[in-house]
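Since the structure comes first, as structure tokens, the remarks are kept for the end.
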Amino acid sequence: MILNASEAAIVQAAQALRDGLLVGLPTETVYGLAANATDDAAVAQIFVAKGRPAEHPLIVHVASEEQVPLFAAQVPEFAQALMAAFWPGPLTLILPRLPGVATASAGGQGSIGLRCPSHPVAQALLQTCLALGVLGVSAPSANRFGRVSPTTAAHVQSELGADLLILDGGDCAVGIESTIIDCTRGEPVLLRPGHITRAQIETACGRTVWGKDAPHDVLGQAAPRASGTLESHYAPRAKVRLMTASDIVHKLQALGPHANNLGLWSAERPTADEGLGSGVLWRQQAATAEEAAHDVFSVLRDLDARGVTQIWVQLPPDTPEWEGVRDRLQRAAA
Ligand code: TXA
Ligand code: MG
């Protein structure tokens, strides 16, 4: 059931969360499937609805920095600087967890992922929840495990069914999930690239941001598990292939009239001479990383819904601002 996110609908959703039910929640990144973060039974239903393995931890969404001490045992100075710079916004911080709190949400790990979303509907819901005694809301992306993340209320309904209460907050502005920084290993480690870039993080906290492959002797501790960081993820039914612009033209020309049920997301529309025929569904890839991030999941989902068997994607340049989009595409193709 999709509800326009009026004040009354937000109260209804907050009450549903307090009562242990699930809610489809708009955020500035993607839609989330929300449950009361401290209600382990409610959180367990998220794993069932998504078909997600229970040891994969979920992100807890909070109304403001004030709720952080309710979940985190300790906040390093660099994490504090990142909250000050980017919250509310598309940044998740992994922090040492307060023992006994949000155990199911943390997938049993000793850490907790915290994020303060900026979407006005998410903010209003989290504030209303607080007033009802719900301290935070666990919400993974509202898709079946391993599939494409939803960026509209209709996507959520098609993933999870008509019974779920979904707040409609419009089309998600960012379009890919939050940047995740692990703050439990003494130095910031990038677990998932996103709209907020590595360079922005480094500038805001004055530290080097390590990658997942950072040497053990630098960090001293093993990396946590992160399902959004599995090699294969975000997969449509169609097979995704990443190519250069010239590869695309050569392969289209080689197929000629045999090109059929083919989706294509590229910067330039190929001409008929270059092999664009009626069997090819072309979508324009935006020239900026921000616009392409906004579009990537909805383009994959839309082409998939039209029954194409392959989606050819022009791989964007290997530059810092494209890191988030390239990451999602590489895992959609894996
Ligand atoms: O933008 C987003 O972050 C969206 C919206 C709904 O807020 N949420 C989202 O959640 O992407 P999800 O569950 O699909 O991705 C959460 C990622 C996973 O890779 C998970 O493993 C990681 O965060 N994560 C959460 N808690 C963690 C923890 N304690 N340690 C390590 N990774 C954690
Ligand atoms: Mg996800």
Side-chain angles (χ1 to χ4, degrees), residues 22-35 37 43 46-47 49-62 71-73 86-98 101-119 121-123 125-126 136-151 155-156 159-160 166-167 169 172-185 189-196 212 221-235 293 297 324 327-328 331-332:
L22 304 185
V23 166
L25 166 71
T27 82
E28 69 278 20
T29 57
V30 301
Y31 274 72
L33 179 62
V43 169
I46 294 181
F47 290 97
K50 277 187 63 102
R52 174 162 165 153
E55 75 278 11
H56 286 274
L58 309 177
I59 295 172
V60 175
H61 297 66
V62 290
F71 295 94
F86 301 112
W87 277 16
L91 176 70
T92 296
L93 301 177
I94 310 297
L95 294 163
R97 181 166 59 95
L98 209 58
V101 171
T103 311
S105 196
Q109 304 204 45
S111 58
I112 189 84
L114 295 178
R115 157 160 141 76
C116 174
S118 62
H119 192 294
V121 174
Q123 270 293 323
L125 181 70
L126 289 166
V137 154
S138 301
S141 50
N143 50 278
R144 305 269 311 154
F145 182 66
R147 307 220 70 94
V148 179
S149 304
T151 57
H155 294 166
V156 179
E159 285 282 327
L160 298 168
I166 303 163
L167 287 177
C172 299
V174 173
I176 58 174
E177 301 84 347
S178 58
T179 305
I180 303 182
I181 300 289
D182 181 6
C183 306
T184 65
R185 299 202 278 159
V189 178
L190 181 69
L191 296 186
R192 182 172 72 184
H195 175 77
I196 296 174
K212 273 174 291 187
Q221 278 177 59
R225 296 182 295 267
S227 77
T229 58
L230 293 177
E231 197 176 335
S232 169
H233 210 75
Y234 312 115
F297 288 138
D327 166 77
R328 302 315 188 275
R331 282 185 286 129

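Note: hydrogens, waters and symmetry copies are ignored here, and every other heavy atom, side chains too, is used. In what follows, residues are counted from 1 in the order of the sequence shown. Every number for a ligand or one of its atoms is a count from 1 in the order of the listing.
Polar contact check, Glu177 against ligand 1: no nitrogen or oxygen pair lies under 3.5 Å apart.
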Legend entry - Chi angles and distances behind the side-chain hydrogen bond (donor to acceptor under 3.5 Å, both in side chains) call for Thr27, Arg115: CA-CA 11 Å; Thr27 82; Arg115 157 160 141 76; 3.0 Å; yes
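Listed by number with element, the atoms of ligand 1 under 4.0 angstrom from any heavy atom of Leu58 are 25 (C), 26 (N). Those atoms of ligand 1 with a heavy atom of Ile112 less than 4.0 angstrom away are 29 (N). Each of the atoms 1 (O), 2 (C), 3 (O) of ligand 1 lies under 4.0 Å from some heavy atom of Ser178. Atoms of ligand 1 found under 4.0 Å from any heavy atom of Ser111, numbered from 1 in the order shown, are 28 (C), 29 (N), 30 (N).
A donor-acceptor contact closer than 3.5 angstrom is absent between the side chains of Thr29 and Ser178. For the 3.5 Å distance criterion, the side chains of Ser149 and Glu177 qualify, holding a donor opposite an acceptor.
Remark: among candidates Pro150, Pro57, Pro140, Ala102, the nearest residue to atom 25 (C) of ligand 1 is Pro57, based on non-hydrogen atoms. For atom 11 (O) of ligand 1, the nearest non-hydrogen atom from the set Arg52, Arg192, Arg97 comes from Arg192. Distances from atom 8 (N) of ligand 1 to the heavy atoms of Gly32, Pro117, Ala139 show the closest one on Ala139.
Neither the backbone nor the side chain of His56 comes within contact range of ligand 1; no heavy atom lies under 4.0 Å. Residue-level proximity to ligand 1 for Ser141 is carried by backbone and side chain together, each with a heavy atom below 4.0 angstrom. Counting heavy atoms under 4.0 Å from ligand 1, residue Ile180 touches it through the side chain alone.
Coordination check, Asn143 versus the Mg ion (ligand 2): failed, since every N/O/S atom of the residue sits at 2.8 Å or beyond.
Interatomic distance, Arg97 CZ to Ser105 OG, rounded to the nearest 0.5 Å: 9.0 Å.
Side-chain contact between Leu93 and Trp87 is present, with at least one heavy-atom pair separated by less than 4.5 Å. Side-chain contact between Ser138 and Val60 is present, with heavy atoms from C-beta onward closer than 4.5 Å.
Listed by chain and residue number, Arg301 satisfy the side-chain hydrogen bond (donor to acceptor under 3.5 Å, both in side chains) test with Glu159 (two or more places apart in sequence, or in another chain).
If you look at Phe145 and His56, their ring centroids are closer than 6.0 Å.
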